[in-house]
Trainee: 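Dropping the structure in here first, questions after.
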Amino acid sequence: MEHGFTEVQGLRMHYREWGDPAHPDLLLVHGWTGHGGTWETVVPAFEDRYHIIAPDNRGHGETDKPQTGYHLRDFVTDLVELVDNLKLDRPAYVGHSWGGNIGTMMAATNPEAISRAFLEDPVYWKMVNAFVTSLRQAMARHERPEAEIRAEGEANGLSAEEIDAAVYAHHHFSPHAVTRLLTDNRDWAFTCEDHMRRVAVPTLVLVGDTEAGGYMLPEELDYYRTIASPDLSFRLWPDVGHAMRATLPEQYNEELAAFLAE
């Protein structure tokens, strides 16, 4: 793995890079409060045949953390500029959660930037009430004392490296990225439908089971299937929640490999 930085919309964006640049490009985009290092179950399965880029979104990881500028369109423009700056050749896009929202918009508004999109349990209508359902949990995580995280890791037998990673996972993102993102994007619950109709590259949405913590109700899924572009399809994973690749990493990689080979 190598680390790199590039400028997007006046921000310094950090990204991780694996594989041979001569291979097809693969763009991995994390979710809300995640970072580019959270693809550890995916990268080993693909780095021998793909050139992989995993950025830290604005407000996350080692990328700049402005106080404002967290509308979905800002994230999309960041990635379009990243693709251009790194001279990526219409990479295949893989996104989780908020990264799935970004991918949905990119597939509709910037199909020239990506070749296809594989989206893991994106958040659509729930953006309306995410401020109530998600903010408190995220902020509690961010504010958790480092000493408490380290003590818990030691009690669970984690290595020093694993404990450091746990501390980083709790504290790397900005409170602005959490609060402004939720405040500024509640309209996505409605505008997402327009973007689904306009998706213009092959796109597969993996849908988590709401009984297990997924973010799309069965009735919502049925409705989206009636309005979606011919390029957009959905696949429900029964009994699997929002963290699909963490729960069933082998199945996730198999489905991603098959999708990329189509």
Side-chain angles (χ1 to χ4, degrees), residues 1-44 46-103 105-106 109-110 112-115 117-118 120 138 141-142 146 161-162 164-181 184-185 245:
M1 181 184 69
E2 295 184 2
H3 294 268
F5 290 88
T6 189
E7 183 174 311
V8 296
Q9 299 196 88
L11 300 181
R12 189 169 184 254
M13 172 174 269
H14 171 252
Y15 62 90
R16 294 166 174 81
E17 182 174 13
W18 299 262
D20 187 343
H23 289 163
D25 295 315
L26 186 61
L27 182 62
L28 307 181
V29 182
H30 65 81
W32 187 61
T33 74
H35 58 85
T38 58
W39 297 96
E40 68 279 358
T41 62
V42 175
V43 169
F46 294 92
E47 63 181 329
D48 62 334
R49 49 202 163 123
Y50 287 91
H51 172 227
I52 302 174
I53 299 292
D56 293 336
N57 287 326
R58 57 172 57 214
H60 297 73
E62 305 309 306
T63 293
D64 284 349
K65 301 173 175 62
Q67 293 189 18
T68 60
Y70 291 100
H71 191 272
L72 183 57
R73 182 73 246 177
D74 296 312
F75 290 84
V76 170
T77 303
D78 287 347
L79 293 182
V80 170
E81 291 191 10
L82 172 73
V83 168
D84 185 58
N85 292 351
L86 301 186
K87 302 188 185 309
L88 304 182
D89 184 16
R90 294 193 72 209
Y93 181 104
V94 181
H96 172 240
S97 190
W98 181 250
N101 294 355
I102 300 170
M105 181 176 278
M106 285 190 75
T109 64
N110 297 91
E112 77 287 348
I114 58 176
S115 60
F118 185 84
E120 177 189 357
R141 176 179 158 203
H142 185 271
E146 179 177 337
E161 188 176 86
E162 290 171 329
D164 287 343
V167 171
Y168 185 79
H170 279 74
H171 295 155
H172 72 87
F173 57 91
S174 163
H176 299 299
V178 174
T179 55
R180 293 308 313 176
L181 186 152
D184 296 348
N185 289 284
R245 74 179 183 276

Trainee: Test the Arg16-Trp39 pair against the cation-pi criterion, namely NZ or CZ under 6.0 angstrom from the six-membered ring centroid and within 45° of the ring axis.
Mentor: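 Here Arg16 fails the 6.0 Å and 45° test against Trp39.
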Trainee: Is the His14 to Phe5 ring centre distance short of 6.0 Å?
Mentor: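 Yes, close enough.
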Trainee: How far apart are the closest heavy atoms of Ser97 and Gly31, and which atoms are they?
Mentor: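 For Ser97 versus Gly31, the nearest heavy atoms are CB-CA, 4.2 Å.
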Trainee: Examine the side chains of Gln9 and Asp78 and answer whether a donor and an acceptor come within less than 3.5 Å of each other.
Mentor: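 On atom types as modelled, these side chains qualify, holding a pair under 3.5 Å.
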Trainee: Any side-chain to backbone donor/acceptor pair from Tyr93 onto Gly99? Under 3.5 Å, distance only.
Mentor: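 It does hold such a pair.
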Trainee: Quick one: is the NZ or CZ of Arg180 closer than 6.0 Å to the six-membered ring centre of Tyr70, and within 45° of its axis?
Mentor: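 Judged by the rule (NZ or CZ under 6.0 Å from the ring centre, within 45° of its axis), Arg180 is not positioned above Tyr70.
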Trainee: State, without any angle test, whether His35 and Glu62 hold a side-chain donor-acceptor pair at a distance under 3.5 Å.
Mentor: no
Trainee: Is the His30 to His60 ring centre distance short of 6.0 Å?
Mentor: yes
Trainee: Are His142 and Phe173 an aromatic pair by the rule of ring centers under 6.0 Å?
Mentor: yes
Trainee: Quick one: does Val76's side chain get under 4.5 Å of Met105's, heavy atoms only?
Mentor: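 A side-chain contact exists here, since the closest heavy-atom pair is under 4.5 Å.
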Trainee: Between Glu17 and Ile53, is the side-chain contact (heavy atoms from CB on, under 4.5 Å) condition met? List the steps.
Mentor: CA-CA 5 Å; Glu17 182 174 13; Ile53 299 292; 3.6 Å; yes
Trainee: Between the side chains of Arg12 and Thr63, is a donor N or O closer than 3.5 angstrom to an acceptor N or O?
Mentor: no
Trainee: For residues Tyr50 and Trp18, establish whether the separation of their ring centroids is below 6.0 Å.
Mentor: no
